[in-house]
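Working notes for the structure below.
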Amino acid sequence: MDIEQLRETLKDSSTFMVESEPEHHFKTVIKTLKELQSQGYTGVLMSFQRPFKSLENVFKKEDISQEKISVIDFATELEDRKEEDREKTVYLSPETNISEINRTIFKQIKKLEGPKKFLIMDSLDTPVLYRPREEVLKLSEFIVMMRNFQPELKIIFNTSKDSSENQFLRNVSRKMDRVVQ
Amino acid sequence: MTDIEEIITEMEKAEATLVELPAETFNSSQEKIVEKLVEKNGKTIIISVTRPGKNILEKLVEKGIDKEKITVIDTVTKTQEKDTEDTENIVYVDNPSSLTEISIAIDRKMKEGGTVLILDSINSLQIHNKDRILKKFVHGILTKSRIKNIPAVLLATEGQLSPDMRADIAQLCDRTFSLDV
């Protein structure tokens, strides 16, 4: 996905899935975050793949403002580490109950300042390693429904081409305005 | 990318790297990569799924590498000799399916000052473990290494990972390299 395609998608779609080459998966997430920030968005990143400690370094390196992004970190607790939640960082286990995840996302989104808001999930495939597909599908459904309460919200799901979860991802993609590659 | 030196330099810039080696030269390339990484790093943790730890250690020492810089988590030897006792540089794990035991050994060795982690190899682990379990394990060890700031290098034989396994592993890594024959 080139930057023009991303800009066009952001302009035309509210809920979309980005399917990238596995080698470029994380770079695509970062590129999307940078573009959203350059357009004045503030948002929430649901990070299943990387712990906040690692993201923090990437944000600094890539000049992504941490003030304008709230992270829900689902990776750190895999390490049996209990970190204290901070204003912009919430730590959850990837096995957390779906309703609780949903409420946490909603709470974090409500805290965001400014009219332009986004919610981005770094990977739809990774949560499937920790819970049944139906539950991840339910979570994606809840997330898409958030637009009923936050009509300005942009929702972006990320996945990789050739993922083992292709069939499941097709079910999720039906709820999207668009799938971009 | 063809040059091992170049790959090693690039690896140092990433937290998690997947290196695909051609089957024809897998053993020699793998030895060179391990040798270079041990040379450049303080204490290298090698998870070996194909070769006994004793052999790895002997070969590296023959090449003039300080034994103190190497720790092998050996998943092979105990499948033949059940009563093998751990030594200062080798931790013997029951078999390549004992992922929890491997994970505990990694934790211990990281705490003891490991500075780089090499997994040799994904293909071999795939033979002994179900895909989903293996992906969870890889996600877990990459999260560990990101939190502890210890780079991880995953070795694989080129073209031998199924496309979906490759996609799922590559998306968890920062960099992916292929070494030409």
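Treat the numbers as computed from the prediction; the structure is a model and nothing was measured. Labels below follow one simple rule: chain letters A, B, ... track the order of the sequence lines, proteins then strands, and each chain is numbered from 1. Note that these values count all heavy atoms, side chains included, but never hydrogens, waters or copies made by symmetry.
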Would R146(B) and K53(A) count as a side-chain contact (heavy atoms from CB on, under 4.5 Å) if you check the C-alpha gap in whole Å, the side-chain angles of each, and the deciding distance to 0.1 Å?
CA-CA 8 Å; R146(B) 287 183 199 282; K53(A) 202 178 166 206; over 6 Å; no
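- With a 4.5 angstrom heavy-atom cutoff, F48(A) touches chain B only via backbone atoms.
- Inter-residue side-chain proximity for R166(B) and D162(A) is flagged as unmet; no heavy-atom pair is nearer than 4.5 Å.
- Smallest separation of non-hydrogen atoms from L172(B) and R50(A): O-NH2, 3.9 Å.
- Here the closest heavy-atom approach between residue A170(B) and residue E23(A) is recorded as CB-N, 4.5 Å.
- Annotation: E112(B), atom CD; neighbour count of heavy atoms from other residues, nucleotides and ligands within 6.0 Å is above 12.
- Taking hydrophobic clusters as Ile, Leu, Val, Met, Phe, Trp and Tyr residues chained together by side-chain heavy-atom distances below 4.5 Å, M110(B) shares a cluster with I102(B).
- Proximity to chain B is limited to the side chain of N57(A), based on heavy atoms less than 4.5 angstrom apart.
- In the hydrophobic clustering of this structure, L119(B) does not group with I4(B); members are Ile, Leu, Val, Met, Phe, Trp, Tyr whose side-chain heavy atoms approach within less than 4.5 Å, directly or through other members.
- More than 12 heavy atoms of other shown residues, nucleotides or ligands fall within 6.0 angstrom of atom NZ in K40(B).
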Residues K136(B), Y130(A); criterion side-chain contact (heavy atoms from CB on, under 4.5 Å); working and verdict
CA-CA 8 Å; K136(B) 260 174 98 164; Y130(A) 298 93; 3.7 Å; yes
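- The NE2 atom of H24(A) sits 8.0 Å away from atom OG1 of T176(B), with the distance rounded to the nearest 0.5 Å.
- Contact annotation for T126(A): only side-chain heavy atoms (C-beta onward) come within less than 4.5 Å of a heavy atom of chain B.
- Using a 4.5 Å cut-off between heavy atoms, D174(B) contacts chain A through both its backbone and its side chain.
- Within 6.0 Å of NZ in K69(B) there are more than 12 heavy atoms belonging to other residues, nucleotides or ligands.
- Criterion: ILVMFWY side-chain heavy atoms under 4.5 Å apart, direct or through other members. Under it, F118(A) and F59(A) are part of a common hydrophobic cluster.
- Nearest approach of A167(B) to S163(A), heavy atoms of both residues: CB-N, 4.1 Å.
- By the rule that hydrophobic residues join a cluster once side-chain heavy atoms approach within less than 4.5 Å of another member, I120(A) and L55(A) end up as members of one cluster.
- Within 6.0 Å of NZ in K111(A) there are more than 12 heavy atoms belonging to other residues, nucleotides or ligands.
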Could you walk me through whether E165(A) and R132(B) pass salt bridge (charged side-chain N to carboxylate O under 4.0 Å, His left out), step by step?
CA-CA 11 Å; E165(A) 299 302 333; R132(B) 185 182 158 103; 5.3 Å; no
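- L142(B) and V153(B) fall into different hydrophobic clusters, defined by Ile, Leu, Val, Met, Phe, Trp and Tyr side-chain heavy atoms under 4.5 Å apart, directly or through other members.
- Residue K68(A) places its NZ atom among 12 or fewer non-hydrogen atoms of other residues, nucleotides or ligands, all under 6.0 Å distant.
- Counting heavy-atom pairs closer than 4.5 Å to chain B, the top-ranked of the candidates S20(A), A75(A), P22(A) is P22(A).
- Between chain A and the residues L18(B), I147(B), I169(B), T143(B), the most heavy-atom pairs under 4.5 angstrom are made by I147(B).
- To the nearest 0.5 Å, atoms CZ (R175(B)) and CZ (F26(A)) are separated by 13.0 Å.
- Salt-bridge formation is detected for the pair E79(A)/K148(B): a Lys NZ or Arg NE/NH1/NH2 atom is positioned less than 4.0 Å from an Asp or Glu carboxylate oxygen.
- Under a cut-off of 6.0 angstrom, the local environment of NZ in K63(B) is crowded, with over 12 non-hydrogen atoms contributed by other residues, nucleotides or ligands.
- Proximity to chain B (any heavy atom under 4.5 Å) is shown, for V128(A), by both the backbone and the side chain.
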